[in-house]
Amino acid sequence: MKTRICGTGSLLPEQTVTNDDLSKIMDTSDEWIKTRTGIRARHLATKETLTGLAVEASKQAMDEAGILPEQIDMILAATLSADNIFPSLSCELQRELGAVNATAFDINAACSGFLFALHTADAYIKTGRYKTILVVGGEILSKMLDWNDRSTCVLFGDGAGAVIVKADEECGILGISQGSDGALGEALLCENRQINNPFASNPVELSYTKMNGQAVYKFAVRTVPKTIHEALKEAGLTVEDIQLFVLHQANIRIIESVAKRLKVPMDKFPTNLQDCGNISAGSVPILLDEINRKGMLHKGDKIVLAGFGGGLTWGAAVLSW
Ligand code: UT7
């Protein structure tokens, strides 16, 4: 039994913020951001909620899959920026969609979150316990950025993507790989609230995203090709068998370096980071939905999805469409 993606959806916030817009409020430039990252613009939430973005993305995925809310057995949302600490984004989605028969919980594996959620869905489908799962990845990371730290705030964007996966005899996930290295966690970090109770109190100081960009860069270019090779090995395929590589959209230079290491031409790596920035757990499902809607995916095509990020974490999936 395989886990097949039967529908995709996505939504970005309305407000587009270009590099030039940013250069008016901080010491940066279109030239610096474009050259170092490939990013030209990103969408930032000004009035949207993550639940609202994810509901719309989920409805699109359900429409394409021909699924009614009551048919969803499970909702898995990958995020580190849900509207509430609890209830989870998945439970909010369950309420909004009327998915009354679903079990719902969130997964936090930062920018690898969507891959981890997809792998979790795959494991549940393989047990036979669940047959139709809504998997979402989305972030409103802009609320967790230090807008005085130009080295991080220019990189990220907001948005949500969703897929419906179902048990299928023929097509679906053929191989996966995932991993974590908590010892490197400080390279990409956002602390939660400090301990604060009548017996131990700390100054109430909100933490924002901090990143050692070069450490994460080196980790990504080393780890992503390795995890892709591992997933391909499990699938019994090689890079030559793959039509498209849908990678986490952090930096065009990372994607170029992965393509070079895999010896695959860049035209097999669709990108949207130019207009979206890095949407963490949202980036893979949003890009997947874009290429699906453009008609770039055909039944039986072999594709690779891969992500990496905070934790540190990484993961890849090989699937037949
Ligand atoms: O989702 C996973 C998470 N993240 C990633 O994948 C990020 C991986 N890392 C990267 O993409 C890159 O390391 C960055 C794009 C974050 C940074 O690129 P870099 O080539 O490693 O630049 P850098 O950090 O070495 O900074 C170079 C210079 C510094 O100035 P000095 O010290 O050379 O004078 C920075 O202060 O660029 C400066 N700088 C900026 N200048 C203009 C840093 N941010 C900016 C900025 N605008 N926004």
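It should be emphasised that the depicted structure is a prediction, and the values quoted were computed from it without experimental measurement. Both counts, for ligands and for their atoms, begin at 1 and track the order of listing.
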- Query: Within less than 4.0 angstrom of ligand 1, does Arg253 place any heavy atom?
  - Reply: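 Contact check Arg253 vs ligand 1: positive.
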Is [atom] near the protein, in the sense that some protein heavy atom lies at less than 4.0 Å from it?
{"atom": "atom 34 (O) of ligand 1", "answer": "no"}
{"atom": "atom 1 (O) of ligand 1", "answer": "yes"}
{"atom": "atom 29 (C) of ligand 1", "answer": "no"}
{"atom": "atom 11 (O) of ligand 1", "answer": "yes"}

- List every atom of ligand 1 that sits less than 4.0 Å from any heavy atom of His248, numbering the atoms from 1 in the order shown and giving each element.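 Going through ligand 1 atom by atom, the ones under 4.0 Å from His248 are 1 (O), 2 (C).
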- Item | Where ligand 1 meets Leu188 - atom numbers and elements under 4.0 angstrom, heavy-atom basis | 3 (C)
Within the side chain of [X], is there an N or O that forms a donor-acceptor pair under 3.5 Å with the backbone of [Y]?
{"X": "Asp301", "Y": "Trp321", "value": "no"}
{"X": "Glu96", "Y": "Gln94", "value": "no"}
{"X": "Gln60", "Y": "Ser10", "value": "yes"}

Could you tell me the residue and atom name of the protein heavy atom closest to [atom], and the distance to it rounded to 0.1 Å?
{"atom": "atom 8 (C) of ligand 1", "result": "Gly213 O, 3.5 Å"}
{"atom": "atom 25 (O) of ligand 1", "result": "Gln214 NE2, 2.6 Å"}
{"atom": "atom 4 (N) of ligand 1", "result": "Met211 SD, 3.3 Å"}
{"atom": "atom 14 (C) of ligand 1", "result": "Asn251 ND2, 4.6 Å"}
{"atom": "atom 16 (C) of ligand 1", "result": "Leu155 CD1, 3.8 Å"}
{"atom": "atom 19 (P) of ligand 1", "result": "Arg36 NH1, 3.6 Å"}
{"atom": "atom 36 (O) of ligand 1", "result": "Arg150 NH2, 3.1 Å"}

Check: [X]/[Y] side-chain N/O donor and acceptor closer than 3.5 Å:
{"X": "Glu290", "Y": "Asn272", "value": "yes"}
{"X": "Asp83", "Y": "Thr51", "value": "yes"}
{"X": "Ser177", "Y": "Thr227", "value": "yes"}

- Message: In the structure I gave you, are the side-chain heavy atoms of Phe219 and Val224 within less than 4.5 Å of one another anywhere?
- Response: no
- Message: Measuring only between side-chain heavy atoms, which start at C-beta, is Pro285 closer than 4.5 Å to Thr8?
- Response: no
- Item | CZ (Arg129) with more than 12 external heavy atoms under 6.0 Å |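 No, the 6.0 Å shell around CZ holds no more than 12 heavy atoms from other groups.
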- Would you find more than 12 non-hydrogen atoms of other residues, nucleotides or ligands less than 6.0 Å from Arg95 atom CZ? yes
- Taking side chain to side chain contact (heavy atoms under 4.5 Å, CB included) as the test, write out the residues that go with Leu206, two or more places apart. Tyr208
- Message: If you take the nearest heavy atom of each of Asp30, Asp27, Val216, Leu141, which one is closest to atom 5 (C) of ligand 1?
- Response: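 Ranked by closest heavy atom to atom 5 (C) of ligand 1, first place is Val216.
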- Item | Of the listed options Phe156, Tyr217, Trp32, closest to atom 42 (C) of ligand 1 (non-hydrogen atoms) | Trp32
N/O to N/O below 3.5 Å, does that happen between [X] and ligand 1?
{"X": "Ile254", "answer": "no"}
{"X": "Ser29", "answer": "no"}
{"X": "Thr37", "answer": "no"}

- Does ligand 1 have a heavy atom under 4.0 Å from the side chain of Thr28, from its backbone, from both, or from neither? both
- What is the ring orientation for Tyr124 with Phe105, classed by angle as parallel under 30°, tilted 30 to 60°, or perpendicular over 60°? perpendicular
